[in-house]
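Contents: one structure, followed by commentary.
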Amino acid sequence: MSTAAAAALDLGSPGTQTACLVAFTAVATVTLLLCVLTGPDRDDLDAFYTGSRSLTPLRGGLALAGDYISAATLLSTIGIIALTGYDGVVLALSTALSLVLLMFLIAEPLHNAGRFTMGDAFARRFPGTGTGTGTGTGTGTGTDTGAASDPGAGTGTRTAAGGRGVRVAACAATLAALLPLMVVQLAVAGQVLAFILGFDRPGVQTGCIMLLGALMISYAAIGGMKGTALVQVLKMVLLLGTGTLLAGLVLHRFGWSPGTLLTAAERGSGAGPRFLESGLQFAAGGATSRLDMISSQLTVVLGGGCLPHVTMRMYAARNASAVRRSMSWAVSSVAVFALLISVIGFGAAALVGHERLVAGDAQGDTALLLTAQAVFGPEAALLETALFTTVTAAVFLTVLASVAGMILACANSLAHDVFAHRRRPLTERRELALARVSAVAVGLTAIAVAVLVQHRNLQPLVSLSFCLGASALAPALVYSLFWRRYTRTGLIWTLAGGSLGVLVLLTGTSLVSGAPGAAFPDHDFHWFPFTTTGIASIPLGFLLGWLGTVLGSRHTQAQQRREYESVESLILAGARRTRR
C-alpha cells in the first residue's frame, strides 16, 4: 500500500484515528504478553524450535493457516478480486489449492525427515561424513544424522557436519525466499500506521516501520515457535471473525442474494461482462495473456505451500497423525478465508467502484478498508468506526504475526543449519542464544531494506518470494523426499540454479521496469513477456535437479541412493515410535 493509497482513505473523524490507535496498542500489548508468557526457558532448544510439539491439531492448523495468510495475501488478493473479478477468485482459490498439495504430497514426509528446519530434511537425505556427539535421548542405537525429528530416535554417532553444504544452501534459499516478503509487509504496515496516526511525512513512516519491526523481532526472539503460534491462532480467529462479519454485511446490503451482488459488482467494476469472465487481469498481455495467467497460478500453487515459514510448522506436530489433522484444519480455514475475501472483493467493486479503488493505488490494496467504510452507508458513523477499527486491528495483527513467523524461520535456519552444525557441536544453551541473536539480525536487515524501498512499488518482491518457493524449494523438496537417485549435486543445482533463473527472469518483467506501476517506472529494460517467472523457472528448477543428478558419477549416485533407502521407510511411512 503506497502513501497515495493511504491518502485515498478517509477516516472521517479524529475519533476513528483514536480508536484505531487504541486497537493497535491493545493488539501489540496482548500479543507481546502472550510471547513473554509462553517463551521457552534458556536451555530448552526444542521448545524454541518446535514449541515442544505441544500444540493440539486445531491450534497447529490455525497457526499454519496464519503463517500462510500474509498481509500481502489479505490486502492484495481482495484488491485483485475487486478489480478483475473472476481472475481474482481463481487466485484466491489457488491459495487454498497450494495447501491441499502440501497436505497430500509433502507434509508427512517432510515431518518425518526433518527435526527443526528444512535443512534437517535435506541433511537426512544427504548426511555429512564428520562425527561428533549424539543428542538423541532414546534407547535405540544407530546413526543420528542430526536431522531426526523424533527426540527418542536413537543415540550413538552424530554427523557434526550434518551435510553442512546442503544445510548452508537450504539456509540461503530460506533467507532469499522470506526476506522480500518481510520487507513488503513491514513497509505496508509502517505506511498504514503512520496514516492512522495522522502523519504522512517520510520520517514518521520510517519510525513506524522501525517500531513494528522491533515488535516482530520481539515475538520471534522471545516467544519462539509456541509464542508465534499462539499469535497466529489469535490472528486467524480475529481474521475469520472479522471477515465473516464484513462478508455478511456485504451480502445483507444486497438482500443476501449472490446474484444481485455479482450484478452490482459487474456494474461498479467498469469492465462490464468481462468482469465475470476469465482474462481481465492479464488483458494487456495480448497473445501471451493466457500463458501469463497459467504462470501466475502455477507459481502461487507450487510456491505458497513450500515457503519455509509454512513448512516449519510440519516439525511442530507431535506425530504424523497430528500433521494430517493440523493440515485438515489449515486447509479448511484457508478455504473459508478464500470464500470470505471473494465476497468482500465483489462487495468492494459494487459499493466502492473502480474509480475510487484505483484512485490512490493501482493494485487496489485499499479495497478491504474502503469496503469496511462503505458497507453501512453514509448514515451509520458509529458502526462504521467500530467496523473499520476492527478490520484495521485484523490487518495489523496479520502483519505482525506473519513477519514474526518469517523471522523465526530464518533465525532457526541460521542458528541450526549454519552455526550449530560445525566440527565442534554447540551446546543447546549456546544454540538457543544464537537463534535469538539471529532473529535480531534478520529483523534488523528487513527493517533497513524496508526503509530504503518503502516508497517504491513492492509487487516484484512478493513475486520474487513465491517464484523462489515454486522454482527452487518445491523441486528440491519433491526430489529429496521421493526420488531415490537424487544426489547432493542435484540438490545444489536445484536450489542455486532455480534461484538464479528467477532473479534473471524477474528483472526482465514489467513489474520491474517498462510500465507506469513498475518498481522503476522511468526505465524500460523489460524483455520477459510475463509478470511472473514460473512458466519458465519452475521447469528450469526441476530440469537442473535432474541434470545435476544424472551427470554425476555412478558411484556417487549408488552411494546416495543407498543412503536414501536406509531412511526411506521413515520418511515415506513414518515408521517410528509415536511421541508422548
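The chain is numbered in sequence order, starting from 1. What you are looking at is a predicted structure, and each value in this text was computed from that prediction instead of being measured.
By the 4.5 Å heavy-atom criterion applied to side chains, Leu212 and Phe24 are counted as neighbours. Side-chain atoms of Leu64 and Met327, non-hydrogen and from C-beta on, do get closer than 4.5 Å to each other. Contact annotation: the side chain of Met182 approaches that of Val442 to within less than 4.5 Å [non-hydrogen atoms, C-beta and beyond]. Counting heavy atoms from C-beta outward, Leu276 and Phe346 have side chains that approach closer than 4.5 Å. Looking at heavy atoms from C-beta onward, Ser465 lies out of side-chain contact with Leu178 at the 4.5 angstrom threshold. Here the side chains of Asp87 and Ile80 are not in contact, with every heavy-atom distance at 4.5 Å or above. Ile447 places a side-chain heavy atom less than 4.5 Å from the side chain of Leu186. The shortest side-chain heavy-atom distance between Phe520 and Arg456 falls under the 4.5 Å cut-off.
Here the CD atom belonging to Glu277 is positioned 8.5 Å from the CD atom belonging to Glu266, to the nearest 0.5 angstrom. The line from OG1 of Thr507 to CG of Leu464 is 10.5 Å long, rounded to the nearest 0.5 Å. With rounding to the nearest 0.5 angstrom, the OG1 atom of Thr228 is 5.0 Å from the CE atom of Met312. Taking CD1 of Ile81 as the start and CZ of Phe275 as the end, the distance is 9.0 Å to the nearest 0.5 Å. Atoms CG and CG, on Leu239 and Leu397 in that order, are 8.5 Å from each other to the nearest 0.5 Å. Taken to the nearest 0.5 Å, the CG atom of Leu387 stands 8.0 Å off from the OG1 atom of Thr242.
Residues Phe528 and Thr533 come closest through the heavy atom pair CE2-CA, 3.9 Å. Of all non-hydrogen atoms in His526 and Thr509, the two that sit nearest each other are CB-O, 3.5 Å. Closest non-hydrogen pair, Leu340 versus Ala247, comes out as CD2-CB, 3.9 Å. The minimum heavy-atom distance linking Thr77 with Gly88 is given by the pair CG2-O, 4.4 Å. When every heavy atom of Leu34 is checked against every heavy atom of Thr38, the shortest pair comes out as O-OG1, 2.7 Å. The two atoms that bring Ile209 and Gly190 nearest to each other are CG1-CA, 3.7 Å, heavy atoms only.
For the pairing with Ser537, the side-chain hydrogen bond (donor to acceptor under 3.5 Å, both in side chains) check across Ser295, Ser471, Ser499 returns one residue only, Ser471. Just one of Val27, Val231, Val395 meets the side chain to side chain contact (heavy atoms under 4.5 Å, CB included) condition when paired with Leu400; it is Val27.
With hydrogens and angles ignored, the 3.5 Å screen pairs no side-chain donor or acceptor of Gln205 with any backbone N or O of Ala194. Formation of a donor-acceptor pair under 3.5 Å by the Thr366 side chain with backbone atoms of Leu369 is not found in this model. Between the side chain of Gln373 and the backbone N or O of Leu370 there is no donor-acceptor pair closer than 3.5 Å. Under the 3.5 Å distance criterion, the side-chain polar atoms of Ser257 are left unmatched by any main-chain donor or acceptor of Phe254. A distance-only check finds no donor-acceptor pair linking the side chain of Asp365 to the backbone of Gly79 [under 3.5 Å]. In this structure, Ser333 contributes its side chain and Leu62 its backbone to no donor-acceptor pair below 3.5 Å. The backbone N or O of Ala374 lies less than 3.5 Å from a partner atom in the side chain of Arg253, making a donor-acceptor pair. With Ser98 contributing its side chain and Gly305 its backbone, the two residues share a donor-acceptor pair below 3.5 Å. Judged by distance alone, with hydrogens and angles left aside, the side-chain atoms of Thr311 form a donor-acceptor pair with the main-chain N or O of Pro308 at under 3.5 Å.
Side-chain contact check for Thr95 and Tyr68: no donor-acceptor pair (N or O, by modelled atom type) lies under 3.5 Å. In this structure, a donor-acceptor pair under 3.5 Å is present between the side chains of Lys235 and Ser402. In this model, a donor atom of one side chain and an acceptor atom of the other lie less than 3.5 Å apart for Thr73 and Ser70.
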Take Met225 and Leu408 through the test side chain to side chain contact (heavy atoms under 4.5 Å, CB included) and record every step on the way to the result.
-> CA-CA 7 Å; Met225 177 66 78; Leu408 182 65; 4.3 Å; yes
Please report the C-alpha distance between Thr299 and Ile535 in whole Å, then the side-chain angles of each, then the deciding distance to 0.1 Å, and finally whether the side chain to side chain contact (heavy atoms under 4.5 Å, CB included) criterion is met.
-> CA-CA 8 Å; Thr299 299; Ile535 197 167; over 6 Å; no
Which is it for Met216 and Gln185 under the side chain to side chain contact (heavy atoms under 4.5 Å, CB included) test, yes or no, and what are the steps along the way?
-> CA-CA 11 Å; Met216 298 167 192; Gln185 296 187 85; over 6 Å; no
What do the steps show when you test Ser463 against Thr531 for side chain to side chain contact (heavy atoms under 4.5 Å, CB included), and what is the final call?
-> CA-CA 8 Å; Ser463 181; Thr531 54; over 6 Å; no
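Within a 6.0 Å radius of OH in Tyr86, no more than 12 heavy atoms belonging to other residues, nucleotides or ligands are found.
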